[in-house]
Asker: 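If you scroll down you'll find the structure; I have some questions about it.
What you see below is based on every heavy atom in this structure, not just the backbone, and it leaves out hydrogens, waters and symmetry mates. Chain letters run A, B, ... following the sequence lines, proteins first, then strands; residues in each count from 1.
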2 protein chains.
Amino acid sequence: MEEDLFKALADPTRRVILDELTERNGQSLFEICARLATRHGLALSRQAVSQHLAVLETAGLVTPRREGRYKFHDLDPRPLEHIVTRWLTPAPPEDTP
Amino acid sequence: MEEDLFKALADPTRRVILDELTERNGQSLFEICARLATRHGLALSRQAVSQHLAVLETAGLVTPRREGRYKFHDLDPRPLEHIVTRWLTPAPPEDTP
DNA sequence: ACGATAGGCAAGTCCACGCTTGCCTATCAA
DNA sequence: TTGATAGGCAAGCGTGGACTTGCCTATCGT
């Protein structure tokens, strides 16, 4: 659902999580917590990050992958593809040479 | 500021306003009110729409243009351009033929 | 088996956001 | 000038969302 996508992108912490996963894909919850703290000064509780990841999963931007007691998170940027073209006017006849 | 951009896109009513302006650019506040009501079943107060437009202006997605007692609103999709490429991984080596 | 690690569930708090209401200003038509 | 139209400002209400806290389950190492 597109509502979930925009809601997921609305929070700055979630966008930083996407940045983190873009730089290093497949991180676990604790890894993300640590990198948010050390690299972005975001001292969130583990539960807060877990809830953010749940929102990102609902939006289809993050795909969880279980391995034993670990849960790794893979980025999936495909839902983003259509959110720009939606409002990109279909080639307005500009006469700017 | 990018925070304003994502916040502007977070609300479904504002996205419908962007849709309206994409289809018919340069509408006034009352025009937008009317079209939200008749075409989308959104019976919002004039003030509500005005506040939405203010948010869209802050995000740089809508540029106001005054003419007499009218204020027309022009869509500017340029701020949207970078929000996808931000998380598009720089061509991962996929071996899908 | 036991403790430690990785994560989940649920309730509760706090604040930002969407919307309304009421009143005020500015421009146009008669 | 008067009334109507188009829009703005500010206070207030109510809901949703972000975050914490406390406790519970599951997997690994020894």
Asker: Using whole Å, what does the distance between atom C1' of nucleotide C:dT21 and atom CZ of B:R46 come to?
Answerer: 11 Å
Asker: Could you state the atom-to-atom distance from CZ of A:R15 to P of D:dA18 in whole Å?
Answerer: 11 Å
Asker: Among residues at least two apart in sequence or on other chains, which ones pass side-chain contact (heavy atoms from CB on, under 4.5 Å) with B:H82?
Answerer: B:T85
Asker: Please list, for nucleotides 10-17 of chain C, all pairs of protein and nucleotide N/O atoms separated by less than 3.5 Å.
Answerer:
unit_1, atom_1, unit_2, atom_2, d
C:dC17, OP1, B:K7, NZ, 2.6

Asker: Residues in salt bridge (charged side-chain N to carboxylate O under 4.0 Å, His left out) with B:E31, at least two apart?
Answerer: B:R24
Asker: With B:T58, which residues qualify under side-chain contact (heavy atoms from CB on, under 4.5 Å), at least two apart?
Answerer: B:D4
Asker: Within the structure, does a side-chain N or O atom of B:K71 lie under 4.0 Å from either OP1 or OP2 of C:dT27?
Answerer: no
Asker: Is any side-chain heavy atom of B:L21 closer than 4.5 Å to a side-chain heavy atom of A:W87?
Answerer: no
Asker: Mind checking salt bridge (charged side-chain N to carboxylate O under 4.0 Å, His left out) for B:R46 and listing every partner two or more places apart, or none if nothing turns up?
Answerer: none
Asker: Which hydrophobic side chains are connected to B:V55, either touching it within the sub-4.5 Å cutoff or through other members that do?
Answerer: none
Asker: Excluding sequence neighbours, so at least two apart, what forms side-chain contact (heavy atoms from CB on, under 4.5 Å) with B:R65?
Answerer: B:E67, B:F72, B:D74
Asker: Tell me every residue that passes salt bridge (charged side-chain N to carboxylate O under 4.0 Å, His left out) with B:R86, counting only those two or more places apart in sequence or in another chain.
Answerer: A:D19, B:E2
Asker: Does B:S50 place a side-chain N or O at less than 4.0 Å from the phosphate oxygens OP1/OP2 of D:dG7?
Answerer: no
Asker: Could you pull out all residues at least two apart from B:D11 that satisfy salt bridge (charged side-chain N to carboxylate O under 4.0 Å, His left out)?
Answerer: none
Asker: Please state whether the phosphate of D:dT20, meaning OP1 or OP2, lies under 4.0 angstrom from any side-chain nitrogen or oxygen of A:S45.
Answerer: yes
Asker: So if I take residues 59-70 of chain B and measure heavy-atom distances to DNA chain D, which residues fall below 4.0 Å?
Answerer: B:R66, B:R69, B:Y70
Asker: Measure the distance from CG on A:L53 to P on D:dA18 and round it to the nearest whole Å.
Answerer: 13 Å
Asker: Under 4.0 Å, heavy atom to any atom of DNA chain D: which of residues 28-44 of chain B qualify?
Answerer: B:S28, B:L29, B:F30
Asker: Between A:E20 and A:R14, does at least one N-O distance fall below 4.0 Å, as a salt bridge requires?
Answerer: no
Asker: My understanding is that only residues two or more places apart in sequence, or in another chain, count here; which of them pass side-chain contact (heavy atoms from CB on, under 4.5 Å) with A:R78?
Answerer: A:D76, A:E81
